[in-house]
Amino acid sequence: MAVPLLDLCAQNLPLESELRNAFDRVLASGHFIMGPDVGFLEAEIASLVGAKYAIGVSSGTDAILLALMALGIEAGDEVLCPSFTFFATAGCIARVGAKPVFVDSDPATFNISVAEAKRKLTSRTKAIIPVHLFGQCAEMDSIMELARSNGLFVIEDAAQSLGARYKGRFAGTLGDFGSFSFFPSKNLGAFGDAGLIVTNDDGLREKASILRTHGSKPKYYHKYIGGNFRIDTLQAALLRVKLPHYHRYTEQRKANAAYYSDKLSQIDGVTFQTGENDSNTRLILPKVQDDRDHIWNQYTLRVPGKGRRDQLRRLLTEAGIGTEIYYPRPMHLQDCFSQSGAAVQSSCPVAELLANEVLSIPIYPELTTAQQEAVVRQLSISIDRVPLLD
Ligand SMILES: *Cc1c(COP(=O)(O)O)cnc(C)c1O
């Protein structure tokens, strides 16, 4: 049985008539830029995560960029971020003229290591961008403590973590800004690009809103140098059709993750990620931290041992099981950062290890039991064919 990594049609087509109605409504309104659905979506997401304000934007990338601009991050500044993340986190820092300072990862959670972040602080450090990778929050208490004691701004990159919680509080609401993405593969996927930022600060909300429309207020009078960072009315309207189902999507992802963790942990040599796994470990399963609520944008395995991840992936591909490597090259080793002076050079050995070992398997909400059984079956067959070498 073939199991794709992701099946957007399985989620969207059951809502076809409602989506068409939303499209028709926007079509008939003629109000394509900043129509009423934008404000409604913002209010609904703000309420979902318990934030005071939400600002819909053009993408998850622009969400980070806009947050950095609103905080006044600029040339000469340094911003801490994990090396093991999607490019946008680091790219936006460089685009405002600041330098990303790449921080190594905590091998137990894939998230930024706060101890390492502390070691990379300088007098130029202005902000930190923790990424809540794969749907689980970073260590926010120690990050906020580090930020408070050093006067740093905090932008939470919650692109993969809408609705995830840390000690009961929602991802994106603990720092100065939280950024979200509605890229189609995220847990709440739009029909193209879209994103959003949240904040609890009145001044930051005001500044980010103005920057979203070319820095102008009123129209044609430019207070700041902003950009066009608006979300389409149409994307907002379509997202609002999916939003009432979001809780169910998340519950299904959690159930799928629980199924994998149960079945896969019964295979010989398979353990949960602790950060210190022994040399007989053939496969490492992701672990939920006790104080966090994981929303499983990805179910990411680690396959230790040189070349074993790629061998396992090849076997799964042959068996029709979709997988992806998030992410094959950490940011500190990317050409654009390692060769151009665009970033502060640093070593991140854990990020390099993860890049060689991670493998994400299908976890989308609409997976059937038969499909999940097929994934587990193929994994247990395939893992026997990629022996550990010493
Ligand atoms: C998807 C993603 C982004 C960027 O979002 P887009 O909507 O694709 O621009 C940023 N950071 C992380 C961690 C992401 O996963």
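Order of listing sets the numbers, starting from 1, for every ligand and every atom in it. This chain uses plain numbering: 1 for the first residue, then up along the sequence.
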Enquirer: Run through all N or O atoms in ligand 1 and write down each protein N or O closer than 3.5 Å, as a pair with its distance.
Expert:
residue  : atom   : partner : partner atom : Å
ligand 1 : 5 (O)  : Ser181  : OG           : 3.3
ligand 1 : 7 (O)  : Gly60   : N            : 2.7
ligand 1 : 7 (O)  : Ser181  : OG           : 2.6
ligand 1 : 9 (O)  : Gly60   : N            : 3.3
ligand 1 : 9 (O)  : Thr61   : N            : 2.8
ligand 1 : 9 (O)  : Thr61   : OG1          : 2.5
ligand 1 : 11 (N) : Asp157  : OD1          : 3.3
ligand 1 : 11 (N) : Asp157  : OD2          : 2.8
ligand 1 : 15 (O) : Gln160  : NE2          : 2.7
ligand 1 : 15 (O) : Lys186  : NZ           : 3.1

Enquirer: Using 30° and 60° as the class boundaries, would you call the ring planes of Phe102 and His332 parallel, tilted or perpendicular?
Expert: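 Ring orientation of Phe102 relative to His332: tilted.
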Enquirer: If you compare all heavy atoms of Gln371 against all heavy atoms of Ala2, which two are closest, and at what distance to 0.1 Å?
Expert: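 Scanning both residues completely, I find the closest heavy atoms to be NE2-O, 4.2 Å.
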Enquirer: Are more than 12 heavy atoms, taken from residues, nucleotides or ligands other than Arg385, located less than 6.0 Å from that residue's CZ atom?
Expert: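 Counting neighbours around CZ of Arg385, 12 or fewer heavy atoms of other residues, nucleotides or ligands fall under 6.0 Å, so no.
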Enquirer: What verdict does the ring pair (Phe, Tyr, Trp, His ring centres under 6.0 Å) test give for Phe177 and Phe153, after you've listed the backbone C-alpha separation in whole Å, the side-chain angles of each residue and the deciding distance to 0.1 Å?
Expert: CA-CA 9 Å; Phe177 279 114; Phe153 294 119; 9.0 Å; no
Enquirer: Can you list everything that forms a ring-ring contact (aromatic ring centres under 6.0 Å, His included) with Phe229? Sequence neighbours excluded, please.
Expert: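 Phe229 satisfies ring-ring contact (aromatic ring centres under 6.0 Å, His included) with no other residue.
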Enquirer: Should the pair Lys186 and Phe180 be classed as cation-pi, given the thresholds of under 6.0 Å to the six-membered ring centre and 45° from the axis?
Expert: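 Ring-cation test returns no.
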